[in-house]
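Notes follow once the structure below has been shown.
Worth saying up front: this structure is predicted, and the values here are computed from it rather than measured. First the proteins, then the strands, lettered A, B, ... as listed; each starts at 1.
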Amino acid sequence: MTTDALAAPGSRPGWLSRLFAGRGGPIAVVVLAILTLWYAGAVYLNAPGMIDAFEREKRAWSTAELIEGTWSQDRPLLPAPHQVLVEMKKTILDKPITSKRSLVFHAWVTLSSTLLGFAIGTGLGIVLAVGIVHVRTLEKSLMPWIISSQTIPILAIAPMVVVVLGAIGLRGLVPKAIISTYLCFFPVTIGMVKGLRSPDLLQMDLMRTYNASRWQTFWKLRWPSSLPFLFTSLKVAVAISLVGAIVGELPTGAQAGLGARLLAGSYYGQTIQIWSALLTAAALAAAMVGLVGLTERFVLRRMGARP
Amino acid sequence: MRRGLDLWMLAAALLAAGALGFPLSAGDLPLSWFDVPAAAVYVALFAALCAWLAGGRAQGLVLGAILSVAAVLGVAVALHLLYDAGAGGQARLGFWLFVFAIWAAVWRGIAAIGSFRSLNRGRQRGVDLLVPLAFGLWLVFLWEAVTVGFGVPQVLLPTPSMIAARFAGSLDILAADFNQTFVKAVISGYIMGCGSGFLVSILVDRVPFLKRGLLPLGNLVSALPIVGIAPIMVMWFGFDWQSKAAVVVIMTFFPMLVNTVSGLAAAGALERELMRSYGAGYWQTLFKLRLPAAMPFIFNALKINSTLALIGAIVAEFFGTPIVGMGFRISTEVGRMNVDMVWAEIVMAALAGSAFYGAMALCERGVTFWHPSYRQRH
C-alpha cells in the first residue's frame, strides 16, 4: 500500500502529505517531540544523582551506562515514560482490584465522589439557572454573587470542608462530593443562564402568539435551545469536578484515592508513583470529557442538529 | 407591576405579628417578648408598617428606602436579642418568625430597588450595585443569626463577626502570607505563564503545522487536573515560592495559548483584505489588526488565569512550604481546628482573587472599549 503510493506520485497526494494535511500527523510529531524531550529531561535531571551513585560505588562509568542508569533509577527526579508505564501496568493490571495498592481501586474512589458531586452540582446548577432566568429579583441579587464567586479560589477551602465534615462524622465519599458539587455548579449555572436566554425575541414572540404558558415555553423552546450551552458547561464541570475530588483527598491522611496517592508519593519521594497517579488522573479526565462529548453529539443529533 | 395587595409585605406583616405570639428562646432562662419590651414594640411597629405598605402605599425607590431602614433596624433588634438578651444558642420560633419577617421585607425591598430604571447611566449603575450589595449583607446577617441562634459549634462554622475579629486581629500574619503566596508566587508565575503562552501562541499561529499538532493537545491539557503536578514541582524547585510559581506557570500557560490562538483568528476576512490592499506586511497586520481583534480573547484568558493562578499557588503549598503562605496557614490551622483563622485566610484569598480579577476586568474595559459587549446594554 505504502509502496504503491510512493510508486505512483502525482495521481493523488502521497500518504505522507495526506497524513500531515490532517491533524493526525502533526499531533503524532508533537507527541513524539514531547516524549523525546521527556527522555532527555530525565537524563538531564537524574544524571547528577546517578554520577553520585557511581562515585559512591567507586566504579568507572561510560556515557551509555549513565544514560541507562538515569532511565532506571528507583526514585528519579523525573522518571522516564517507560518506567511510569511499567508502574501503571503493575498497579492497574497485575494487582487485584480490591487491593489497596491497585490504582484501579484508588481511581474508583476518586471517580465515585467525582461523579456524585458532578451529578448533584449539575442538578443544582440547572435549578439555580432556571430560577435566575424566571425570577427577576433572583437575577438582580444572586447573579452578581455567582459571578464574583468565580473569582474566589474555592479549591483552597477543600481541605477545610473535608476536615470539618470529618469532625462531625461525615467521612469518605460525601465531603469530597460536596467539594466537587461546589466547584461544578458555577459553570453549569452560568452556561445554562446563557442557554436559557439564547432563544431570540422573535422565537419568544412566536410562543406568545401561540399563547404558550411559561411552562410550555420552557419545555418547548428554552430547554432545547439551552442544551448546546449545557454540554459545553458540562465538559468544564466534569473536569473541574475531578480536580475537586483529587484536592479533597489531600488532607484525609492519605487513605485512598488518586489525591492520596499523590500526597503519599510526595511524602516518601516515590516519584514514579506520583507520575502514574497523575497520568491515571489525566486519562480519567480525558475519558470523562470525551464521554460528555459523545453524549452531546448523540443528543444533539437526536434533536436534529447538523452533525 | 400589579397594583393592589402586596403579598410579600402581607407575609412580612403576618410573620412579624405571629412572632409576638411565640417565645423567643428556651433553655434555663427562657426568654419571652415580655422580657424585652423595647424589641417587642419594634416588632409590633414593623408589623404595622408592613401591613400599611401591603396596600401599595409606596412603590419603587421610596418603598426600597423605607424597607431598608426598617430592615436595618430589624437586624439591629435581632442582633440585640441574640447577644444582649441572651437568645443565642436556644432561639425558638418567636425569634425565627421575626427573622423570616425581615427576610420577606428585604426580598420585597430588593425587588423594589431592582425594578428601578433610569436613563442616567451613573444612577442606574449605582442602583445595580446596591441590589447585590444589600443581598450580600443580608446573607451575612442570616449566617450570623443561624450560627448564633442555633448555637452552631465554632469548629463547624464560625460566625462572620468572629471571622472579622480574627481578620482584624491577625493582620500581620495575613500580610506575611499574602506577600509569600500572592506577591511572590502568583504574580511572578502569572506573568511568566501568560507571557510565554502569548509568545508561543504567536509562534503557533505563524506555523500551521504546530497549530494542527499543538492546539488539540492544548485543549486536552486544559481539561486535565494540572494541580496534581504540584508535588513534582515542589520536588524540583524546593519548598519556597519558586515551586509554586512553577505550578502557576504551567496552569496559566495553556488557557492563554488556546485563547490567544483562537483570538488571532478572530479578525474578519474583510479587514484582512483591507490590510493587504494597504500593502501591510505580516507584522503590521499583526500589530494593527489581529492583536487588537484578539484582545477580548486574551483578556478572557487573563481573567480565567487570575483565578487559576491563586488556586495553583495555594494548593501547591499543601505539598510543602516554608512556614508562611496562605495554603500553609489553611492546612495547619485546619489541623489545629482554628477554623476562624482558616476563614480569615479564605476571606483574604477571596479579596485578593476578586481584586486581581477586577483589575483585569478594568484593563479589559480600557483596552477593548470598542467591543459590542461594552456598548449600551439591551
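One finds the CD1 atom of Ile232(B) at 8.5 Å from the OG1 atom of Thr271(A) (value rounded to the nearest 0.5 Å).
Considering every non-hydrogen atom in both Leu262(A) and Pro231(B), the closest pair reads CD2-CG, 4.3 Å. Considering all non-hydrogen atoms of both residues, Ile27(A) and Arg212(B) come closest at CG1-O, 3.7 Å. Residues Leu278(A) and Pro225(B) approach most closely at CD1-O, 4.4 Å, considering heavy atoms.
Note: Ile229(B) leads Leu210(B), Ile229(B), Val234(B), Ile113(B) in heavy-atom pairs under 4.5 Å with chain A. Your options are Trp236(B), Phe356(B), Trp343(B), and the one with the most heavy-atom pairs under 4.5 Å with chain A is Trp236(B).
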Checking side chain to side chain contact (heavy atoms under 4.5 Å, CB included) for the pair Val29(A)/Phe209(B): CA distance, chi angles, key distance, verdict? CA-CA 10 Å; Val29(A) 170; Phe209(B) 179 81; 3.7 Å; yes
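Within a 6.0 Å sphere centred on CZ of Arg117(B), heavy atoms belonging to other residues, nucleotides or ligands number more than 12. The environment of Trp107(B) atom CH2 is dense: over 12 non-hydrogen atoms of other residues, nucleotides or ligands sit within 6.0 angstrom.
At a 4.5 Å heavy-atom cutoff, the contact between Leu45(A) and chain B is made by side-chain atoms alone. Using a 4.5 Å cut-off between heavy atoms, Ile110(B) touches chain A through backbone and side chain atoms alike. Using a 4.5 Å cut-off between heavy atoms, Ile34(A) contacts chain B through its side chain alone, with no backbone atom that close. With a 4.5 Å cut-off on non-hydrogen atoms, Leu214(B) touches chain A through its backbone and its side chain both. Using a 4.5 Å cut-off between heavy atoms, Val236(A) does not touch chain B at all. No part of Trp138(B) comes within reach of chain A, as not one of its non-hydrogen atoms sits under 4.5 angstrom from that chain.
Looking only at side-chain heavy atoms (C-beta outward), Val247(A) and Ile311(B) stay at 4.5 Å or farther from each other.
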